Amino acid sequence: MRTVEQHLDEILGAVPQPAPIELAVLDAQGLLCAELVTSSRALPAFDQAGLDGYAVRSADIATATVELPTDLAVVGETSAGSAQVASIGAGLAQKVAVGAMLPAGADVVVPAAWTDQGAARVQVYAALAPGSYVRRIGDDVAPGDTAVQIGTPIGPAQISLLAAVGRERVAVRPRPRIAVLCAGEELVDVGATVGPGQQVDVNSYALAAAARDAGAEAYRAGIMPNDKRRMVELIEGQTLRSDVVLIAGTFATGAPDLLQEALDELGGLSFTQVAMHPGPVHAFGKLGPNNVPVICVPGEPVAALVAFEVFVRPAIRLMLGKRQLFRRTVQAVSAQQLLSPLGYRQYLHGQVMRHPDGGYVVEPIGDGDQAMLARMARANCLIVVDEDVTEVSAGGLVTVMPMLLGG
């Protein structure tokens, strides 16, 4: 039997690092930048007004107050997008819109609210320092400045900056391609009539959704055929189109079953017991001509999603280039007694809440032996009980892994 850390380390040490690809900036959203993006242009490209108001010379309004406003003649108006080059001299003002080109000679924009908003003449009620409410050429980004660093997550702000510096495409770390397969003679697809002894295939849906939530491009390949030759062909085909193949199934620990025989034909995986509950039987290896990692997780749906959280999600985040591979954990007070098998790391679904006096309190959903989908759907965390702990008393501290979408 191996520990959770040993199995995880083997997986993390074997998953590939996909080469960067170039995407349109909108398609790059949510991915990590894989190149150092520098600007070839200045932002802004010209001196411009920072808000709606009046462009003036700071020297002309140096003594302006509400009681003794400065009166200036208004010579024209400039709107955003106008290419007309204007200028003002002493005692003059020009009405400007935010983003409009600043007239030569002006070094201040007085907000409209600080004036009487006159049309032919304007009274200014406040003195402003030179440069107030003015955006100078290159104030934001100068030519040659770094716009986006390598490893930066590309979100709306980064997309805005990339567009501003003239980039239509950018190199990023791509989403890993994950193929999800399920094995089991008892499985039928959603929408089929469920006969005696049969179960709906929920794992291919749940695991594909979990992979997408982790940032992968997931393909739901569905239920594997109960024929070894066709099974071999299906698995081999998925290794040609995927970076990782994820298989959920109930695996025998003794005599090999049909899936294990098919995997053996492709090179074989090492099935092993992992000291965790639920679902201790796992497998991992590389198959196919491209040596694609294949991860096998338990077929029981609750155990399958727990295994995904523990082993697959960190691997996806590693392939994405993320620095934080694991969900952040917190310490919480257990609302009731917890029992756990000695030598196994127990993962229990629970609901964690903020305590009115500070910190967190967590309550398990079920007792860990009842793998029920409805209970799992109500959970917002996993409670983690270490291998050497068999009991946590009510009021004791436990480690909790909050499970927020995309978190």
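This structure is a prediction, so every number in the text was calculated from the model and none was measured.
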Considering only distance and modelled atom types, tabulate donor-acceptor pairs under 3.5 Å from the side chains of residues 136-144, sequence neighbours left out.
{"from": "R136", "atom 1": "NH1", "to": "D47", "atom 2": "OD2", "distance (Å)": "2.9"}
{"from": "D139", "atom 1": "OD2", "to": "R136", "atom 2": "N", "distance (Å)": "2.8"}

If we ignore hydrogens and angles and just use 3.5 Å, is the side chain of [X] paired with the main-chain N or O of [Y] as donor and acceptor?
X	Y	result
R345	E387	no
S82	S79	no
Q238	I235	no
R173	Q17	no
D386	D388	no

Quick check for you: to the nearest 0.5 Å, what is the distance between [X] atom [atom1] and [Y] atom [atom2]?
X	Y	atom1	atom2	value
E168	L162	CD	CG	11.5 Å
L12	L325	CG	CG	6.5 Å
L305	Y347	CG	OH	14.0 Å
F284	K286	CZ	NZ	6.5 Å
I365	R375	CD1	CZ	9.0 Å
D9	T3	CG	OG1	7.5 Å

Are side-chain heavy atoms of [X] and [Y] found at a separation under 4.5 Å?
X	Y	value
I159	I154	yes
L287	V292	no
P16	N291	no
V333	H355	no
T65	Y125	no
V294	I247	yes
Y54	V124	no
R317	R313	yes

Inset, instruction - Given side chain to side chain contact (heavy atoms under 4.5 Å, CB included), test L263 with C296 step by step and report yes or no. - result: CA-CA 11 Å; L263 293 170; C296 292; 4.3 Å; yes
Closest heavy-atom pair and its distance - [X], [Y]:
X	Y	answer
L207	V297	CD1-CG2, 4.2 Å
S340	V385	CB-CG1, 3.7 Å
I223	G184	CG2-O, 4.5 Å
L161	A147	CD2-O, 3.1 Å
P301	N203	CA-OD1, 3.3 Å
I61	A126	CD1-O, 3.8 Å

Inset, instruction - Answer yes or no: are there more than 12 heavy-atom neighbours, outside Q84 itself, under 6.0 Å from its atom CD? - result: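 For Q84, atom CD is not crowded (no more than 12 foreign heavy atoms under 6.0 Å).
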Inset, instruction - Please say whether more than 12 non-hydrogen atoms of neighbouring residues, nucleotides or ligands are located less than 6.0 Å from CD in Q198. - result: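 Counting neighbours around CD of Q198, more than 12 heavy atoms of other residues, nucleotides or ligands fall under 6.0 Å, so yes.
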Inset, instruction - Go through R169 and E35 one step at a time and tell me if the salt bridge (charged side-chain N to carboxylate O under 4.0 Å, His left out) criterion holds. - result: CA-CA 11 Å; R169 303 180 68 82; E35 64 172 306; over 6 Å; no
Inset, instruction - Identify, with sequence neighbours excluded, every residue that meets side-chain contact (heavy atoms from CB on, under 4.5 Å) alongside M101. - result: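 In terms of side-chain contact (heavy atoms from CB on, under 4.5 Å), with neighbours along the sequence ignored, M101 is linked to F46, V85.
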Legend entry - Carboxylate-amine/guanidinium contact E217 R177, below 4.0 Å: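 Judged by the 4.0 Å cut-off on N to carboxylate O distance, E217 and R177 do not form a salt bridge.
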Legend entry - D189 bridged to R220 by N-O distance under 4.0 Å: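 A salt bridge is present here (some side-chain N lies under 4.0 Å from a carboxylate O).
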Inset, instruction - Please name all residues satisfying salt bridge (charged side-chain N to carboxylate O under 4.0 Å, His left out) with R135, sequence neighbours left out, ordered by chain then number. - result: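 With sequence neighbours excluded, R135 shows a salt bridge (charged side-chain N to carboxylate O under 4.0 Å, His left out) to no residue whatsoever.
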Legend entry - Evaluation steps, side chain to side chain contact (heavy atoms under 4.5 Å, CB included), between N290 and T239: CA-CA 7 Å; N290 298 329; T239 64; over 6 Å; no
Legend entry - From CA spacing to verdict: side chain to side chain contact (heavy atoms under 4.5 Å, CB included), I295, I11: CA-CA 8 Å; I295 304 173; I11 292 173; 3.9 Å; yes
Inset, instruction - Return the set of residues passing ring pair (Phe, Tyr, Trp, His ring centres under 6.0 Å) with F311 (not counting sequence neighbours), or none when no residue passes. - result: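 Testing F311 for ring pair (Phe, Tyr, Trp, His ring centres under 6.0 Å), a comparison that skips the adjacent residues, returns H7, H282.
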Inset, instruction - Please list all pairs passing the side chain to side chain donor-acceptor pair (under 3.5 Å) test where one or both residues lie in residues 145-156, with sequence neighbours left out. - result: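 Passing the test, one end in residues 145-156: no pairs.
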Legend entry - side chain to side chain donor-acceptor pair (under 3.5 Å) involving Q123 - partner list, sequence neighbours excluded: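 Expected list: none.
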Inset, instruction - Kindly indicate, with the supporting measurements, whether the criterion side chain to side chain contact (heavy atoms under 4.5 Å, CB included) is fulfilled by V244 and M319. - result: CA-CA 10 Å; V244 172; M319 296 169 74; 3.9 Å; yes
